[in-house]
Amino acid sequence: MTRVSPTRDLDALQHQVQHLPADSLLFLLGSRYCETDRLSDDAWRLFAHTPLGWPRVQAICDFVHTHMSFGYEHSRPTRTAWEAYTERRGVCRDFAHLAVSFCRCLNIPARYCTGYITDIGLPPPYGPMDFAAWMEVYLGGRWHTFDPRNNAPRIGRILIATAAMLPMFL
């Protein structure tokens, strides 16, 4: 698998599916938490007009960031991307699931990531490191980090795991 880009690449291109590396194809599939079958029509309705590549992924993050309200009280371990979309609330995991789902609906490989976000680059007072979820998206020949919950580049991410989330048919 290719490396993850630590910087923003606003010109990163979206690959046609037939030109994607074989090891990225798993990240186009729907899963228990990312119901691409239920979200596909809305994904195309919302984002078909956006330019391919980085601008489209950023439009997805912008939408998810403004569409949903964040709150720890909204946490539910069984919430799916479809439920997050219709309920319009959740925690960072739900923001990431929804953005991953929209990307996959639009043939953009996306994977769920979890880890810690540090306070590097943030103004005081510094809070404790926050356990968080975000996504990585395959554009321009490598993986790029996007965070639909915070919707801003942050340095100091400590990646614990990435997941394809098992396809519904497994």
Are [X] and [Y] side-chain neighbours, meaning at least one heavy-atom pair lies under 4.5 Å?
| X | Y | answer |
| --- | --- | --- |
| F146 | I60 | no |
| M135 | V57 | yes |
| P109 | L20 | yes |
| V64 | R149 | no |
| F47 | C105 | no |
| C61 | Q58 | yes |
| R79 | L98 | no |

- Message: Please say yes or no: joined through hydrophobic side-chain contacts below 4.5 Å, possibly via intermediate residues, are L13 and L28 part of one cluster?
- Response: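 Unlinked, L13 and L28 end up in two clusters.
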For [X] versus [Y], what's the shortest heavy-atom pair and its separation?
| X | Y | result |
| --- | --- | --- |
| D94 | A84 | CB-CB, 4.0 Å |
| S24 | P21 | OG-O, 2.8 Å |
| E35 | T80 | OE2-OG1, 2.6 Å |
| N151 | D62 | ND2-OD1, 2.9 Å |
| G30 | T36 | CA-OG1, 3.4 Å |
| F70 | C92 | CE1-N, 3.5 Å |

To the nearest 0.5 angstrom, please state how far the [atom1] atom of [X] sits from the [atom2] atom of [Y].
| X | Y | atom1 | atom2 | result |
| --- | --- | --- | --- | --- |
| D37 | S101 | CG | OG | 9.5 Å |
| L52 | I108 | CG | CD1 | 7.5 Å |
| L26 | S31 | CG | OG | 9.5 Å |

Those residues that, when tested against [X], pass side-chain contact (heavy atoms from CB on, under 4.5 Å) (two or more places apart):
| X | answer |
| --- | --- |
| R93 | S75, V91, H97, Y112, A133 |
| S69 | H74, R89 |
| A12 | D9, W54, L139, H144 |

- Task: With sequence neighbours left out, write down each residue that passes ring pair (Phe, Tyr, Trp, His ring centres under 6.0 Å) with H67, or none if nothing qualifies.
- Result: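 With sequence neighbours excluded, H67 shows a ring pair (Phe, Tyr, Trp, His ring centres under 6.0 Å) to F63, Y85, given in chain and number order.
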- Message: Determine whether V100 and R111 satisfy the following criterion, side chain to side chain contact (heavy atoms under 4.5 Å, CB included), listing intermediate values before the conclusion.
- Response: CA-CA 6 Å; V100 164; R111 61 189 181 192; over 6 Å; no
- Query: Got a sec, which residues hit side chain to side chain donor-acceptor pair (under 3.5 Å) with T50, two or more places apart in sequence or on another chain?
  - Reply: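 Applying side chain to side chain donor-acceptor pair (under 3.5 Å) to T50 gives R56.
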- What pairs meet the side-chain hydrogen bond (donor to acceptor under 3.5 Å, both in side chains) rule with one or both residues in residues 12-21, with sequence neighbours excluded?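 Residue pairs passing side-chain hydrogen bond (donor to acceptor under 3.5 Å, both in side chains), neighbours aside: Q16-Q18, Q16-H19.
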- Task: Can you run down the salt bridge (charged side-chain N to carboxylate O under 4.0 Å, His left out) pairs that involve residues 44-54, sequence neighbours left out, and say none if there aren't any?
- Result: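 Checked against salt bridge (charged side-chain N to carboxylate O under 4.0 Å, His left out) - neighbours excluded - the pairs reaching residues 44-54 are D42-R45.
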- Query: Does R76 have any salt bridge (charged side-chain N to carboxylate O under 4.0 Å, His left out) partners at least two apart in sequence or in another chain, and if so, which?
  - Reply: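 R76 satisfies salt bridge (charged side-chain N to carboxylate O under 4.0 Å, His left out) with E83, E87 only.
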- Item | Any donor-acceptor pair under 3.5 Å from R104 side chain to A110 backbone |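 A pair under 3.5 Å: yes.
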